[in-house]
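Computed over heavy atoms, backbone and side chain alike; hydrogens, waters and symmetry mates excluded. Labels below follow one simple rule: chain letters A, B, ... track the order of the sequence lines, proteins then strands, and each chain is numbered from 1.
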Amino acid sequence: MDPNRVRPTQDSVDELIRSGYAHGFVTEIDSDTVPPGLSEDTIRLISQKKNEPAWMLEWRLKAYRHWLTLEEPAWAHVHHPAIDYQAISYYSAPRKKGDGPNSLDEVDPQLLDAYNKLGIPLEEQKALAGVAVDAVFDSVSVATTFRKNLAEAGVIFCAMSEAVREHPELVRKYLGSVVPHTDNYFACLNSAVFTDGTFVYIPRGVTCPMELSTYFRINEAGTGQFERTLIVAEDNSHVSYLEGCTAPMRDENQLHAAVVELVAMEDAKIKYSTVQNWYPGDEQGRGGIYNFVTKRGDCRGDRSHISWTQVETGSAITWKYPSCILRGNDSVGEFYSVAVTRGQQQADTGTKMIHLGRNTRSTIVSKGISAGNGQNTYRGLVRMAQRAENARNHSQCDSLLIGDQCGAHTFPYIEVRNPTAKVEHEATTSKIGEDQLFYCRQRGLSEENAVSMIVNGFCKEVFNQLPMEFAVEAQKLLNITLEGAVG
Amino acid sequence: MLSIKNLQVDIEGKNILQGLDLDVGAGQVHAIMGPNGSGKSTLSHALAGRDGYEVTGGEMLFDGHDLLALDPEQRAHLGIFLGMQYPVELPGVNNMVFMRESLNAIRRARGEEELDAVAFMQRVRDKARLVDLDEKLLKRSVNAGFSGGEKKRNEILQMAMLEPKLAILDETDSGLDIDALRIIAAGVNALRSPERSIILITHYQRLLDYIEPDYVHVIVGGRIVRSGDKELALELEKKGYGWIEEEAAA
């Protein structure tokens, strides 16, 4: 990669410092928002607004009733005031003309403007990038592009609410099959109140002709966003999915409890990449997003392959463990992560690799960067089940500290029930050294460029996993995030 | 070119340099010798502007610029290069990318055009031959896993790339076998020019067999106590530092 493209000039650095959180604007759009509060009536209302079939409502209610029996988990290494679930509004949709826009012309111009400010011009992306975008604005998908090309390949790429109506047989078969509604507190809440999300179906033998990309954005004050994503890759199919997030500045905490389920059948490969840059809160940590996400992939078929790559720089609190269930024999799971915390940010993130099949392999590469008062925790589980003959795992967890007020913590859990399994765990903690900075500065680099160079070097293994344009973006994001972190 | 007057430097409150004077003219090679702890490396780091080396008195002028007012990178932009005794490892930072960023940062600071990728590659290849550095090392992370000799050669390669006006080589000979020493010395000699001054900091005379200095200075107790030509180095080799220390104390 050409390093010139990602080096901030002094002008752009100054501008960034002045501008604060660049993506913190609020778009005034007339929203159709239900009053705060959670009850069976709220869920019925959501289901009704989305014209859902009865089975979907029943599923939601079943989840809600189960949720009432659960308690919010307290084991994560994060601290926040109690969340008042009755103070959250569970549905917010931008107003639509008629049955919904058929083209971008029909989309609210303010909405398009918001995307332009974020640097996500749908039109240009359609024309230039060749990326199909299912843009999620608040909770309802308002524009889906490239649908036709994908349809020709037999790929289904649509909003979850649409999939519920148009492809009920697929949704019923797979929804909740990887993350059941009983799985955990936040996944259960999501199952009850999810408003929209993305559905992807790749038929047998098909390689998805383009990278699929969804941009999420939370825009309604006090509206929790409960996304539900389901990706199914049939035998011998391939798909790469990109997820990028930003959110506008807010005073109150915003709860985000998404669920992502991946299903990979025989010889299928799913690559799921995330760049997460939600509002982290102000200097005191006020107003940032709570990002409590359940992501799990099921390598159901033999020789299937699921790869998670994430670059997490935003949110006040991140609680997220993209995991793989390696059920099929010879299946492969990967987790590549860069998590950055600065200011008052807290992250408790990692992965679970559950080896069930024979000859299953998993790789974990986790890079945690802490600056300011940031607290960064890696929490990971590697489980080798009894029948996981010759299963292998390699984990590498590295922490980089910038300054002396931050923290890095590692909690690796390893359970091995098969004597032929091999598990390797490596961990390092390092500090950006004064000697490294001096070395770079002696060679003419500014302190800021030196830090960015060292940090990007630290994260290289993970960035290498990202699609090219995403890697450039991630590197930029990292530089911006760590602006002024030293000295 | 470089004029140091009555330089006083403290490290963690301890006075290390106690009134050091040194003048280095354009194109000259000065060797600085002295026993352990006499202040040789302190001088090199103070010249480069490292944090923690607190200048409490005196002055350093370089081409008319007051170095004390400048950050390390600004001094680098003026053409000061410090070849480190212990080159630092930068894991994940590609050696070639690092050199290119470094070179272009300096060129930008001087208002010069950045070197494009092709011209840069050509230059790196040429200079790598000068120090007989395996091209594979160019593609690795900066100094990561390099042997002691490779690290030192990489330093001289950077010096060749950056073409400094003043190169300070801090114990570049330490830890080198005789073959590596010859290669490094040949590289340094190739970089000698009427516009480039070199300060060689070393414990041993043997480096001076290969890089012939114009002047030799001896630091004892944070001051230059004796200056001469290469004969002084030979004398030191024979007699050790004891007699100079005694003279300085007297």
Margin query: side-chain contact (heavy atoms from CB on, under 4.5 Å), that's the test. Do A/Gln436 and B/Leu90 meet it? Break it down for me.
Written below: CA-CA 7 Å; A/Gln436 289 177 322; B/Leu90 301 175; 3.8 Å; yes
Next item on the list: Answer with side chain, backbone, both or neither: which region of B/Ala109 has an atom nearer than 4.5 Å to a non-hydrogen atom of chain A?
Entry: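 Answer is neither: B/Ala109 stays 4.5 Å or more from chain A.
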Note to self: So for B/Leu82, is it side chain, backbone, both, or neither that comes closer than 4.5 Å to the heavy atoms of chain A?
What the structure shows: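 Both parts, backbone and side chain.
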Checklist line | From CG (A/Leu445) to CD1 (B/Ile106), nearest 0.5 Å | finding: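 Result: 8.0 Å between the selected atoms.
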Where is the tightest heavy-atom contact between [X] and [Y], given as atom of each residue plus distance?
X	Y	result
B/Val93	A/Ile454	CG2-CA, 4.2 Å
A/Gly444	B/Ala105	O-CB, 3.4 Å
B/Gly49	A/Phe438	C-CE1, 4.3 Å
B/Phe98	A/Cys440	CE1-SG, 3.8 Å

Residue [X] excluded, over 12 heavy atoms near [atom1] under 6.0 Å:
X	atom1	result
B/Phe120	CZ	yes
B/Arg123	CZ	yes
A/Arg379	CZ	yes
A/Lys271	NZ	yes

Check: Where along residues 67-78 of chain B does a heavy atom come under 4.5 Å of chain A, listed by residue number?
Finding: B/Asp71, B/Pro72, B/Glu73, B/Ala76, B/His77
Margin query: When you measure from the side chain of B/Ser102 to the backbone of A/Arg443, do you find a donor-acceptor pair of N or O atoms at a distance under 3.5 Å?
Written below: yes
Note to self: Per the salt bridge (charged side-chain N to carboxylate O under 4.0 Å, His left out) rule, what does the pair list look like for residues 48-65 of chain B, sequence neighbours excluded?
What the structure shows: A/Glu434-B/Arg50, B/Asp63-B/Lys165
Checklist line | A/Tyr439, part contacting chain B, at a heavy-atom distance under 4.5 Å | finding: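 The answer is both parts of A/Tyr439.
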